[in-house]
Amino acid sequence: MAGIKKFIENAGWPRIIIGLFLFSLFIMAPFVRVRIDASVSDTLVRFGMNGVMVLAMVPMIVSGCGLNFGLPLGIIAGLLGAVTSIEIGIPGIPGVLIAMTISLPIAVVLGWGYGLLLNRVKGSEMMIATYVGFSSVAFMCIMWLVLPYKSSNMVWGYAGKGLRTTIAVEGFWHQAISDIGSFSIGQFFYVPTGMFLFFALLCWFMWVFMRTRTGTAMTTVGSNPEYARASGVNIDRMRTLSVILSTVLGAIGIIVYQQSFGFVQLYMGPFYMAFPAVSAILIGGASVHRASILNVIIGTLLFQGILTMTPSVINSMIQTDMSEVIRIIVSNGMILYALTRTVKVK
Amino acid sequence: MALEPLLNVRGISKSFNHNKVLKNVSFSLEKGKILGLVGENGAGKSTLMNILFGMTVIHETGGYEGTISIEGKKVRFASPFDALEAGIGMVHQEFSLIPGFTVTENIVLNRESTKYNFLVEAYGDRMKTLDRDDMDRRSREAIDKLKVGLDPAIAVSELPVGYKQFTEIAREIDKENTKILVLDEPTATLTESEAEILLDTMKRLAALGISIIFISHRLQEIMDVCDKIIVLRDGEVVDNTTPDETDIMSIATSMVGRDITTAFAGKGDREGNLGEVILQVEHLWVDMPGETVRDVSFQVREREIFGIGGLAGQGKLGITNGIMGMFPAGGSVFFLEGPIRLNDPTSPLEAGISAVYEDRRGVGLLMEEPISWNIIFTSLQMQERFLKPILGGLIKIRDESEIARSARDYIDMLNIKCLSENQRVQDLSGGNQQKVCLAKAFETKPRLLFVSEPTRGIDVGAKRMVLEALRKYNDEFGTTIVMVSSELEELRSICDRIAIIDSGRIAGILPASAPSTDFGVLMLGIDGREKKVV
Amino acid sequence: MNKKVDLLKHYLIQNAVPILFIVVSAFAIPISQFSGTYLVQEMLVRLSRNSFLVLSLLIPIMAGMGLNFGMVLGAMAGQIGLIFMSDWSVVGVPGVILAAIISTPLAIALGWLTGTILNLAKGREMVTSFILGFFMNGVYQLVVLYGFGSVVPMTNPAMVLSRGFGIRNVTNLEGIRKCLDNLMPLNIHGIDIPLATFLIIGLFCLFVLWFRGTKLGQDMRAVGQDMKVAGDAGIPVERTRLIAIIISTVLACYGQIIFLQNIGTMNTYNSHEQAGMFAIASLLVGGASVSRASIFNVFLGVVLFHLMFVVSPMAGKYLIGEAQLGEYFRVFVSYGIISLALVLHAWRRQKDRERARRSLRGAVEE
């Protein structure tokens, strides 16, 4: 009994409810003739697609900058890399690598500026991050119209200029990473091995980084900035570094997402993309100022599991698509829970 | 029959976790009189006032013994509001004012004059409209009683500190039933002329029939205005007298108290042991809020234990924080011949200076991290120890087993009571947390160690452990120690020499064996050299 | 002389945002080729339509709770009132009043919820109320899209989706369209002035002014400036904050009803989302900050923000030949202006904190 209590305390009610909900969806699936193998496969694919963007939350949370609602900034860097790569037109893995190479410096510069800004507004990072994300997406809407991209695969046919809202990566690098060593079992079960390996690699990098001298200092800055300063750590530099890391991971994350999804979504596409990532890591057990790689993995699995299962199972049960509503309630409810719980004791 | 005193305090005792901070304190205060309350930091003054004012912290820690009666009626306050109700007004050291409000609005805060309107019927009293004219009248009345030139319409944020104080006093006066006014160190932040006005005001209020309890470290002020003087030491009333029967020197003596002849027992031949000058501080100033250091110069010899004492707020804590780069500072500091870059925390750490800070929770510890991490972080960061190479030396990551081993060593050595080295620091008691702070400083293997208030807020047993650990460390490794403490006896029991800081300056440096009255004289700034803050 | 320059500088910095907007508009209006009459008419309509929503933000700012992003909850309550009203086919002014009566208790309940949650998240009210808006949007959809017509009976089949439950994407409010605006028709030189609506807005402004002079208003100001001092003085801090949010939510609910009666149709699932953002952006454009806002800021903000809103697509079209560009530009400006205001506020607060720390220093010595 005490063991159960402790488990509940550690995991927190929302996580348990969400876990049980997902579990019951899997139990119900066969009864409403939803294929378990297809569902699991879907969940896995979405897990791989979104994992990196959730991982992008970690550096900023541990350094005390809070939940990175400004993820769209990193996404924009990734999008710029992606469309430039398509403009160049090299297919396959090299195409993806070009996209990443181009987006990297952009993400570093954007992240650096964003980090400097957040250092000036300590204590209000999250609200400002949200609106920095929103404004940068809105600004890029203008840029997508005027940037001089020419590839006929990307611009509006009738005007000959201005990028389209969605651009297919089919024929360039659709599933380029996913398909490395991928395999299918039967008709419905597909495993994007390459994408998992790539995600695992990034997780491992993060794991190692968090154990280096710099990574340790970053965590300490988040835990108690004054302690870190007394131990000779430059607080602002660590925070900026964490923001740059988050932004770079956001850029890589969106490229991984696109190569699996098959489309580059421009304009208002990245607008709300921070929210699923934020709620995923919170569902995984992170709080506003603590996060681990395990939180990323568990959270992404649970969150994407629900996103995959609710449309199929609930729709088959009540013949209505409630998935969108459930997604909104679960993801924002989780963020709300985290915000009201962890009033920092200082 | 003598008139029943307005306030009668009988046999008050109070302990925090078996630590007796007040022992059988009794005094009385008659209507229209001023009572001066003096004592060192930690003598129990604040606890006594907290009891009188019904602060909730007293209840949460198990209440108190003894009785308090006002006008012959026994009272026991459950909250500050009860105390207010009974007519006790208190002006704290920290102002309780709304910065954007005018003086008037602050004086009548939450007791505004209001007028009725019909919406009150539907929505209750809070819909009453404010009667600004009456509020102005009341604030003017209160200010007039003080006889100070305070403009009721000006915003408090625009006022100089002294006038903020007057605003608070005016608020207490405006409360119709205020009978007793407690002023906690009201002159500490005032200029001399402001202080004089305040003292005049106090006399005037007393003449109006308000009794005042006046807490101050400036003994001359106490002598000037008080009718009665109570001296507290270690939670006991050691002197209950009047200004006519005493003088500043004897108050100072009874404040500082007993002469411990056993100061630094077994000191033996320390003198021969000491080495060359290792730390040289010249004209140091530090801009630390509440602990400003103005101009401090001193030298410390190798293997010495150097004490820095003085009353709270005089700047002794600023010295450590300034040298360690935690607050803006100037002047020059030389360590082992080389200069220390001020305002850069890495510089002293690189040179081999470490510090245990007075603010354990704020600066000293990572409350939410394990003990082991707390102990090794500074060494890992500054000296790149506890790292092991991976990927053929490409990257270095934390060596967890080495970290755990080191942490366990300290847990054994300092007898830190915990479940394991992975326990979070926030779950430890204050004394054990302090030991973790020490372990952190020891682990950097410093040549010189600053220790600020190492025994503040920890129990007697842990206190002894901490002091012994420091002494032992000094003996065994020859580490020079600079210890900052409010407790003079503690300094005298361990240090070779002690500097006393007053108003941000060194009032004097004495050997620890000097009689304690000499220290008292320095602390209170009464050795003839009138110390003025203009 | 120098002091005057300083004062001017201070004034310019304080009002940088509205001045910037006036300058941009001064360039954009001629380019857009709109006539003066058209713009005046348009501004009057938008003032009558939006002012009330913006006014609802004032009281939480007074209570130190920042921009109440939770006002969308009030807007949702108003919309639910309107759905019932159209379902029962009540038209005209009685319809508006009915909608207000239905939605008031709902708005109070939602305001209470918001206030309670914000009391749990002191110090980060804005981001919390912002996320709360998103969260309740989900709940709103759950109720309106699935609950109405199934759990809650609907009499008018035209409002319900063909599947038998859930309200359609667009709710027709033709029955109350402009009923308030046209209650007291006034036409000066071909410009319609919605007098009745302005009267309501005017009355409400008087209420705000009067409210500032009440005990409750004074308490809110005190709580807004320093919760601890206010609490020590015996002001019930949490309750005061709760009341501020409830008032704001109820007013936002009425504001949304006024807004939608002017438009005449309701985007069942989107109208409320925009209400919050536009109201907040307008207020900030008017020169308000997160901690200070006046009635003047409200009206100036509504005019300037909507001027840009009307003018920028056409200006974009004539300037670059792309109306879409102007469209995106105004979206960017809405978000950009909120970001800017938030950054300035947070920056100033950080500076103030540092200054406050400095003032703790001992008396200054000669």
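Proteins come first, then strands; the chains are lettered A, B, ... in the order of their sequence lines, and each starts at number 1.
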Quick check for you: to the nearest 0.5 Å, what is the distance between [X] atom [atom1] and [Y] atom [atom2]?
X        : Y        : atom1 : atom2 : result
B:Phe101 : C:Asp226 : CZ    : CG    : 10.5 Å
C:Lys228 : B:Ile98  : NZ    : CD1   : 11.0 Å
B:Met135 : C:Gln218 : CE    : CD    : 5.5 Å
C:Asp219 : B:Leu130 : CG    : CG    : 8.5 Å

What part of [X] lies closer than 4.5 angstrom to a heavy atom of chain C: side chain, backbone, both or neither?
X        : result
B:Pro80  : neither
B:Ser96  : both
B:Asn117 : side chain

- Item | Other residues, nucleotides, ligands: >12 heavy atoms within 6.0 Å of C:Phe296 CZ | no
- Message: Between B:Asp131, B:Asn106, B:Asn110, who has the most heavy-atom pairs with chain C when the cutoff is under 4.5 Å?
- Response: B:Asn110
- Task: Please list, in residue-number order, every residue in residues 245-256 of chain C that has a heavy atom less than 4.5 Å from any heavy atom of chain B; write 'none' if there are none.
- Result: none
- Message: Please output the residues of residues 202-217 of chain C in contact with chain B, using a heavy-atom cutoff of under 4.5 Å, in numerical order.
- Response: C:Trp210, C:Phe211, C:Gly213, C:Thr214, C:Lys215, C:Leu216
- Query: Do the non-hydrogen side-chain atoms of B:Leu109 and C:Val229 ever get within less than 4.5 Å of each other?
  - Reply: yes
- Heavy atoms, side chains only, cut-off 4.5 Å: are C:Gln225 and B:Leu97 in contact? no
